[in-house]
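Please read the structure below before turning to the comments.
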2 protein chains.
Amino acid sequence: MIQLIDLTKSFQMGEETITAVNHVNFQAEKGEFISIVGPSGSGKSTLMNILGLLDTADSGTYLLNQEDVTTLNDNQQAVIRNAKIGFVFQSFHLLPRINALENVMVPLLYHGYSEKQAKEKALFYLDKVNLLGREKHLPKQLSGGQQQRVAIARALSCDPEIILADEPTGALDSKTGAEIMELMEQLNEGGQTIVVITHDVSVAKRARRVVEMHDGNLTEGKDPQ
Amino acid sequence: MIQLIDLTKSFQMGEETITAVNHVNFQAEKGEFISIVGPSGSGKSTLMNILGLLDTADSGTYLLNQEDVTTLNDNQQAVIRNAKIGFVFQSFHLLPRINALENVMVPLLYHGYSEKQAKEKALFYLDKVNLLGREKHLPKQLSGGQQQRVAIARALSCDPEIILADEPTGALDSKTGAEIMELMEQLNEGGQTIVVITHDVSVAKRARRVVEMHDGNLTEGKDPQ
Ligand SMILES: Nc1ncnc2c1ncn2[C@@H]1O[C@H](COP(=O)(O)OP(=O)(O)OP(=O)(O)O)[C@@H](O)[C@H]1O
Ligand SMILES: Nc1ncnc2c1ncn2[C@@H]1O[C@H](COP(=O)(O)OP(=O)(O)OP(=O)(O)O)[C@@H](O)[C@H]1O
Ligand SMILES: [Mg+2]
Ligand SMILES: [Mg+2]
């Protein structure tokens, strides 16, 4: 369902070229649960942004359900992204002037749910991440880990085919983090494809497959178990 | 050197009162290395903001080097904070329009260092957190863990008496995180007082003392070793 072929992405800093993703080959079948691990700065988020159609590779091919999505323009990327992908950002990117509930409702309304249905579904997922009682808070009125959980609820609320989560437990204590990963496992058992970037070994082990990034290069990792 | 006596801080949300810090008593001697642990939403960052003179308690007393700093106004807080405290924020708070090097230089220039001395000292600390080669990048041109390390370098660069670090390794892989904690240990051996909020057990164990927060209440934890 996801296929990256010889994918490269670089950033130009004056004279210097930084190759964040270096001729990467990667395949994910529908329903897989994959962890991406690797040192800080190794290219994980850059890779995930390309997978999530938030960024475009410089060369190589990205096939999504066998459709070539490598060179779509912004609007085309947005259409597919909104239809198929739920993204948990490393820095959350919550809308600062609306509350937690409204933040989770945004993609639902965009998907055509009524205000009433969107509210119901948003509260369902806020409950799943243990945030009932905090839904009226603005992002700045939430703790770091609460903001992270709003970002997670928002990514999950439209039941996307593919969940891409960049460090989804980075701001959470181990118990709350484990609850989030159990939720992810349940969704995976229900058929959703999940790719998680993580620095946390206990999170990486939840996946059935681990891939590693080093200096932009991707290798299949050792068995997480 | 730090003494909190019966400290309380609440937030008002319409009808509801959220008591983030609940009658907390806490003492830290000069040169201690303390970890604060506890679940997401338990009040750790709120407590640290009060310690760092970024927020004011509703009741109780805060003595810093036996001086009552509880009810200082913003300017008075800023003077003491800039003189004595290095703060690593949970969400980094880098200035977005200047690069990594300039971000680390800001407090040094504020402290009266010349541009040349500030640059030298900033590069010294960027080297300590392994970021040489990235100093010309704007925050948005850095990975999550690189941004975190700029925030750490900035907090350390003025050799503050007290280092308050809110989840300083949250975005780092375990190897990079361990390097940061070794740096913290060295500074502690040099006499700096360090308080770290962390969700990472291996980080908490580096401290000689662990305190726990639950629903705004602080208790002395079990021995980290
Ligand atoms: N817009 C940009 N311009 C220049 N360099 C960039 C840009 N974005 C990322 N980089 C560089 O590309 C490399 C990979 O960044 P990326 O964010 O993918 O790393 P990461 O593996 O997610 O790291 P972390 O674990 O710290 O989040 C880093 O060295 C970073 O400095
Ligand atoms: N400005 C605010 N207005 C209302 N409630 C707030 C505000 N800031 C924090 N809170 C609430 O106070 C409680 C404590 O927040 P705090 O940020 O101190 O938690 P924390 O222990 O740092 O959590 P985390 O580990 O997730 O970062 C949370 O339940 C949060 O929702
Ligand atoms: Mg990243
Ligand atoms: Mg916090």
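To find a chain, count down the sequence lines: A is the first, B the second, and so on, and within it residues start at 1. Note that this is a predicted model, so its numbers are computed, not measured.
Ion pair B:E115/B:K119 not flagged as a salt bridge, since none of the NZ, NE, NH1 or NH2 atoms sits closer than 4.0 Å to an Asp/Glu carboxylate oxygen.
Heavy atoms closer than 4.5 Å to chain A are found nowhere in B:Q148, neither backbone nor side chain. Heavy atoms of A:Q146 lying under 4.5 Å from chain B belong to its backbone as well as its side chain. Using a 4.5 Å cut-off between heavy atoms, A:Q141 touches chain B through its side chain atoms alone. In this structure, the portions of A:S40 lying under 4.5 Å from any heavy atom of chain B include both its backbone and its side chain. Residue contact with chain B, scored on non-hydrogen atoms closer than 4.5 Å, involves the side chain of A:E16 exclusively. When heavy atoms are compared at a cutoff of 4.5 Å, A:L142 does not approach chain B at all.
One side chain, A:T56 or A:Q77, offers a donor N or O that lies under 3.5 Å from an acceptor on the other. Inspection of the A:H23 and A:D6 side chains reveals an N or O donor paired with an N or O acceptor under 3.5 Å.
To the nearest 0.5 Å, the span separating CD on A:E32 from CD1 on A:I162 amounts to 11.5 Å.
Residue with the most contacts toward chain A among B:M13, B:H199, B:E167: B:H199 (heavy-atom pairs, distance under 4.5 Å). Among A:A171, A:G133, A:G43, A:S45, the residue with the largest count of heavy-atom pairs under 4.5 Å with chain B is A:A171.
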Task: Chi angles and distances behind the side-chain contact (heavy atoms from CB on, under 4.5 Å) call for A:L94, A:R154 - done: CA-CA 9 Å; A:L94 299 180; A:R154 180 181 64 178; 4.2 Å; yes

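Across A:L108 and A:A118, no two heavy atoms sit closer than the pair CD1-O, 3.4 Å.
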